[in-house]
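Reckoned from all heavy atoms, side chains included, excluding hydrogens, waters and symmetry mates. Lettering of chains follows the sequences in order, A, B, ..., and the numbering in each one begins at 1.
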Amino acid sequence: MDERCLIDVRGLYELLLDHMGPTHWWPADTRFEIAIGAILTQNTAWGNVETALDRMKAADVLNARSIADLPDETLWDLIRSTGYYRQKAVYLRAFCQWFLDLGEWSHDDDIPALVREVDDETLRRELLSIRGVGGETADDLLLYVFDRPAFIADRYARRMFETLDVDDLPKSYEGFRRRVMPQIDADAWSIPEFQEFHGLIDELGKTCRTPEDWNHSIVAGYRMPLP
DNA sequence: ACCCAGGTGTTTC
DNA sequence: GAAACACATGGG
């Protein structure tokens, strides 16, 4: 079977929660705003994303129809602060088109039946087929927009597990994710806990600039309990 | 001036 | 697969 070491993900979650408290990760007015933020924050500091979201709100265009219809120059100007703005304009439009094809979301917290009907893996593949949605953005969307269980295998998560000397950490995003996800007992986690876990990891990551920082962080001394 | 940030797609081997 | 590259602004 699998010789690789088990990861006590739940213990790690509780350790982080006890020391860092709730993170209030990814606040937003609507699910749509979370999705737009997920694309804009690709390889970009969150502060630059807030600038763009504020500009879009001020222009009253933070909705799928408006973004899809805006002239290139206008959209570029609104999201310029997030970098890669020409590329991200294409990505935003691709997502908005997909979003519009789902039909109207009558209320912000209403997830369309079309989406509710499919299982997690099918929805993930569907999201990955959207231009500009790679593995990490797909997991952001699953977790924070569609309330599905997901482990976001981002840079901070990788650094955390490297600090913990987890064996055989795959190099690719997908490999890393598939190394960790099966070790989470999804039935024992609520969606808010999945969300909080990612928030805690990234909040910790922001405070750790160097490998030395990580080695002095709260997770450094953590030892996985024996199975 | 340099490095990094809540990555993705394309090309090439 | 996996490595190299383009994409780009803003803050430390």
Side-chain angles (χ1 to χ4, degrees), chain A residues 13 16 20 22-28 31-56 72-98 124-146 148-163 168-181 192 194-214 217 219:
Chain A
Y13 166 67
L16 292 172
M20 301 169 59
T23 57
H24 310 295
W25 195 245
W26 222 314
R31 294 181 188 279
F32 181 77
E33 180 179 345
I34 294 174
I36 297 308
I39 291 167
L40 293 180
T41 199
Q42 290 168 358
N43 204 37
T44 300
W46 182 251
N48 297 339
V49 178
E50 282 186 317
T51 302
L53 290 173
D54 287 345
R55 287 172 63 77
M56 293 170 92
D72 275 337
E73 286 74 12
T74 308
L75 184 53
W76 290 349
D77 187 51
L78 288 168
I79 68 174
R80 188 176 306 276
S81 64
T82 68
Y84 308 139
Y85 59 90
R86 278 183 283 246
Q87 204 173 59
K88 283 175 180 174
V90 173
Y91 294 172
L92 289 183
R93 287 217 172 84
F95 177 79
C96 286
Q97 193 53 60
W98 178 83
R124 190 170 194 275
R125 276 194 300 276
E126 168 87 11
L127 292 169
L128 285 172
S129 73
I130 302 169
R131 192 74 165 185
V133 176
E136 182 170 340
T137 305
D139 288 328
D140 286 339
L141 296 174
L142 284 171
L143 184 55
Y144 293 103
V145 177
F146 299 113
R148 304 298 182 106
F151 168 69
I152 298 173
D154 65 1
R155 287 183 195 173
Y156 291 143
R158 178 174 294 281
R159 285 174 199 162
M160 182 178 78
F161 282 115
E162 283 170 354
T163 302
D168 296 333
L169 223 52
K171 300 196 191 326
S172 70
Y173 180 92
E174 200 54 30
F176 179 28
R177 173 184 161 266
R178 293 169 74 111
R179 171 82 171 83
V180 176
M181 264 310 265
F194 271 104
Q195 293 172 335
E196 180 64 9
F197 187 47
H198 172 62
L200 287 162
I201 292 170
D202 281 29
E203 224 30 70
L204 177 67
K206 283 192 200 169
T207 68
C208 296
R209 195 133 248 321
T210 67
E212 293 75 52
D213 292 339
W214 279 100
S217 75
V219 295

Please give, in whole Å, the distance from [N] [atom2] to [X] [atom1]?
X      : N      : atom1 : atom2 : result
A:R209 : B:dA5  : CZ    : P     : 6 Å
A:R178 : C:dG1  : CZ    : P     : 10 Å
A:L142 : B:dG6  : CG    : P     : 21 Å
A:L40  : B:dG7  : CG    : C1'   : 12 Å
A:Q87  : B:dT8  : CD    : P     : 11 Å
A:L128 : B:dG7  : CG    : C1'   : 13 Å
A:N48  : C:dG11 : CG    : C1'   : 8 Å
A:R86  : B:dT8  : CZ    : P     : 21 Å

Donor-acceptor check, side chain of [X] to backbone of [Y], threshold 3.5 angstrom: yes or no?
X      : Y      : result
A:E136 : A:I152 : no
A:K88  : A:T82  : yes
A:Y173 : A:A153 : yes

Among [options], which nucleotide has an atom closest to any side-chain atom of [X]?
X      : options              : result
A:K171 : B:dT8, C:dA8, C:dA3  : C:dA3
A:Y91  : B:dG9, B:dG6, C:dA8  : B:dG9
A:R155 : C:dG10, B:dG6, B:dA5 : B:dA5
A:Y84  : B:dC4, B:dG6, C:dC7  : C:dC7

DNA chain B: 5'-proximal contact among A:R159 and A:Q42 (nearest heavy atom): A:R159
Using only side-chain N and O atoms of A:Y85, determine if any of them is under 4.0 Å from OP1 or OP2 of C:dA8. no
If you compare every side-chain N and O of A:R131 against the phosphate oxygens of B:dG9 (OP1, OP2), does one of them come in below 4.0 Å? no
Planes under 30° and centres closer than 5.5 Å, is that true for A:Y156 with the base of B:dG6? no
With the threshold set at under 4.0 Å for non-hydrogen atoms, list the residues of residues 74-82 of chain A touching DNA chain B in residue-number order. none
Which class fits the ring pair A:F146 and A:W98: parallel under 30°, tilted 30 to 60°, perpendicular over 60°? perpendicular
With under 30° as parallel and over 60° as perpendicular, where do the rings of A:F32 and A:F95 fit, or are they tilted in between? tilted
Looking for any heavy atom pair under 4.0 Å, which part of the strands does [X] touch: base, sugar-phosphate only, or nothing?
X      : result
A:G135 : sugar-phosphate
A:V49  : nothing
A:Y173 : nothing
A:G83  : base
A:T137 : sugar-phosphate

Got A:F161 and A:R179 here, is their nearest side-chain heavy-atom distance under 4.5 Å? no
Heavy atoms, side chains only, cut-off 4.5 Å: are A:S217 and A:L204 in contact? yes
Does A:R158 count as lying over the ring of A:F176, i.e. NZ or CZ under 6.0 Å from the six-ring centre, within 45 degrees of the axis? yes
Say we look at C:dA2 and B:dG6: how far apart would their C1' atoms be, to the nearest angstrom? 24 Å
